[in-house]
Amino acid sequence: MAKRPCSASPDHHHHHHLHLHPHSARAVLDPPMATPSDSLLAAFLDAFDAPPSVHLAFDRLVESEDSDADREALIDRATRLGAALLEAGKRSARRRASALNSIIWPLPPDLTIKVFGLLDTQTLCYAAATCSMFHKCAMDPLCYVNINLLTKTPKVNNAVVSKLVQRAGRVLQSLKLGLVTNPYKLGGYVHPLMRSTDTKGSSILSRSCLTSLGGNNGATGALLKQLYLHNIERLDDSAVCAALSTCPSLLDLEIVGLNVELKQILVSVASSCSMIQRLYFDSSIAGRDDNLTAPICVDFVSNCPFLTSLSLRGCKLHDNKVRILIKGFHRLRHFDVSTSYSVTGSFLRNLGNTAGENILEVLILRDCMHLKKVEVSQFFDAILSGDFKHLRCLDISNREGLAPERVWDQRIYNPSFIPIKQLQELRPDLSLLAEFPSEACFTEFDILSEMGFTPDLSMPSDLCSLESVLNSSTTGGSMLISTSEGSYNTDSSSGNDDGINSSDLIPDESSDEVDFVAG
């Protein structure tokens, strides 16, 4: 027997009615029908158009109650109703403002997302908190291609990192985490290569802050090209190496102040990041012995043929290992072993005679405690003889002076052994920086005047930093030498490296519609 169709009850009310448009087959949904509550609220708002009238009416209503308990209950209901009305009014105002923004905002969503993708992480957070339209655009993964969470104070936790990395997903290309340190002042200005170990607090990031890179079965870190990790105390070898194993496309790796061994980093990079082009490693403990062996250096050279910039600062590197590295990387243009404890300079011998002319452009040997004067002198002879034709910047500054040939002799603070005139004549494109403590009768003005160099007195100091030397190398060489005590002033100063300007990345969350960073 066929079932009878159920008849609709005549008393059943529907809030929405479906009609067919007379000129199309498309269904049109009518706006919601008004309810008794809507009529009551409208009458209430129309009756009280001024705050005093509301106050008087409510006072009379309270006094009309028979008992204190009834009065308290009435006040409580009024308070809850007032809070609900206030919140409803704010929400409607935000929605109307967002709708207005959508009308007057000149860019379509796709172009807005592209603009947001050009913003730094801090600015993106603030933009997303302004209105619902911007918040919606800021949720697009393309806005998180480059995530910069470097701060001067510990404000970023694991949840923040995980949420932003998850939003980026497979399009993530750059991730910067940790605390920015205060670099040292040298002669009154901030030197770009010297940093203080003091930070404004300890990082609240833990060893698991990088686990999100392995999300989506490793797809999240697959396209990551840049990874900076600064002063995250709890990160250890296993955590960093596990993260590197998920980043096969990594081109730029910067590790500063982490409690990790150089040996483990080189092994991990060699096995997982064969496309690496720049590696910057600054040990948390100067002179630390990482048990780095020659076979590890050979394996690193063999598996990373595209490396062009290598900085291994504060490590206990011996000359034979440095020689393997600097001779093995045929594309190497920037080499920095500043504050390396065991480097004597013997690795510099015959470097210019390698097969396929040496293309090294920047060589930084600042504060290598055992760097010998005789090795530096022979290196200058090699430069004058025609080797290292591509070298544009050389830094041999040393706060302890250069080491003598024999250990019982006094250290060398006098830069008179440097063939300044010959270098100016034969290599005018070479920028040389040699800063030493004052142990002789020379002053910076005397030496600079002998070279025909007039210091810029408008600078904070009469000395020029390596940053100015690097900048000047694009237009011409310069010989900047000093023997001033001010050259090695270790007073720390506020500032940041690499132009980082995101000290306060997490905005105050005052909107209930924008839970942008955490929660």
Side-chain angles (χ1 to χ4, degrees), residues 184-189 191 193-194 319 336-349 362-385 387-388 391 393-428 430-457 459 461-466 468-469 472-473 477-490:
Y184 281 120
K185 288 176 63 179
L186 297 181
Y189 55 85
H191 197 287
L193 294 179
M194 300 301 298
D319 286 81
D336 178 6
V337 287
S338 297
T339 65
S340 294
Y341 182 78
S342 302
V343 168
T344 66
S346 62
F347 74 91
L348 297 170
R349 301 173 186 174
V362 178
L363 179 60
I364 304 175
L365 305 175
R366 172 175 285 266
D367 290 332
C368 292
M369 184 175 182
H370 292 94
L371 182 64
K372 293 184 177 180
K373 170 200 166 184
V374 61
E375 301 293 350
V376 175
S377 297
Q378 292 179 6
F379 184 64
F380 282 129
D381 292 339
I383 293 176
L384 294 175
S385 65
D387 294 336
F388 300 96
L391 191 64
C393 180
L394 174 64
D395 184 4
I396 58 170
S397 304
N398 202 307
R399 68 177 63 212
E400 301 292 338
L402 296 179
E405 179 67 18
R406 297 174 297 183
V407 294
W408 55 82
D409 289 340
Q410 292 184 349
R411 298 185 68 86
I412 291 88
Y413 301 93
N414 190 340
S416 59
F417 68 94
I418 300 177
I420 298 173
K421 293 183 178 180
Q422 295 93 319
L423 288 172
Q424 287 179 327
E425 293 175 0
L426 299 178
R427 292 297 306 273
L430 176 64
S431 297
L432 172 64
L433 182 61
E435 295 177 332
F436 300 97
S438 60
E439 285 292 327
C441 60
F442 296 93
T443 66
E444 64 257 32
F445 277 111
D446 295 334
I447 296 175
L448 294 173
S449 298
E450 289 180 6
M451 296 184 296
F453 176 79
T454 303
D456 184 0
L457 298 180
M459 296 178 61
S461 168
D462 295 331
L463 304 179
C464 297
S465 67
L466 181 58
S468 63
V469 176
S472 66
S473 64
S478 59
M479 306 293 167
L480 307 179
I481 305 175
S482 70
T483 56
S484 169
E485 292 180 356
S487 301
Y488 281 100
N489 184 357
T490 58

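Keep in mind it's a predicted model, so treat the numbers as computed, not measured.
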Drop me the distance from [X]'s [atom1] to [Y]'s [atom2], to the nearest 0.5 angstrom.
{"X": "T339", "Y": "L365", "atom1": "OG1", "atom2": "CG", "result": "11.0 Å"}
{"X": "S397", "Y": "L432", "atom1": "OG", "atom2": "CG", "result": "8.0 Å"}
{"X": "C393", "Y": "L433", "atom1": "SG", "atom2": "CG", "result": "7.5 Å"}
{"X": "I383", "Y": "Q378", "atom1": "CD1", "atom2": "CD", "result": "12.5 Å"}
{"X": "I418", "Y": "F380", "atom1": "CD1", "atom2": "CZ", "result": "4.5 Å"}
{"X": "R427", "Y": "L394", "atom1": "CZ", "atom2": "CG", "result": "10.0 Å"}

Residues forming a side chain to side chain contact (heavy atoms under 4.5 Å, CB included) with L426, sequence neighbours excluded: L384

For T344, what residues pass the side chain to side chain contact (heavy atoms under 4.5 Å, CB included) criterion, not counting sequence neighbours? D319, S346, H370, K372

Begin with the C-alpha distance, continue with both residues' side-chain angles, and end with the deciding distance and a verdict on side-chain contact (heavy atoms from CB on, under 4.5 Å) for S338 and I364. CA-CA 6 Å; S338 297; I364 304 175; 3.1 Å; yes

Can you check whether C368's main-chain N or O pairs, donor with acceptor, with N398's side chain at less than 3.5 Å? yes

If only atom types and distance count, is the side chain of R366 paired as donor or acceptor with the main-chain N or O of I396 below 3.5 Å? no

Going by heavy atoms in the side chains, are F436 and I412 under 4.5 Å from each other? no

Contact between L391 and L430 at the side-chain level, heavy atoms closer than 4.5 Å - yes or no? yes

Shortest non-hydrogen contact between A403 and M369, atoms and distance: CB-O, 4.3 Å

How far apart are the closest heavy atoms of P404 and R411, and which atoms are they? CD-CA, 4.1 Å

Between E435 and R399, does any NZ, NE, NH1 or NH2 come within less than 4.0 Å of an OD or OE carboxylate oxygen? no

Checking F379 now: which residues fulfil ring pair (Phe, Tyr, Trp, His ring centres under 6.0 Å) with it, not counting sequence neighbours? F388

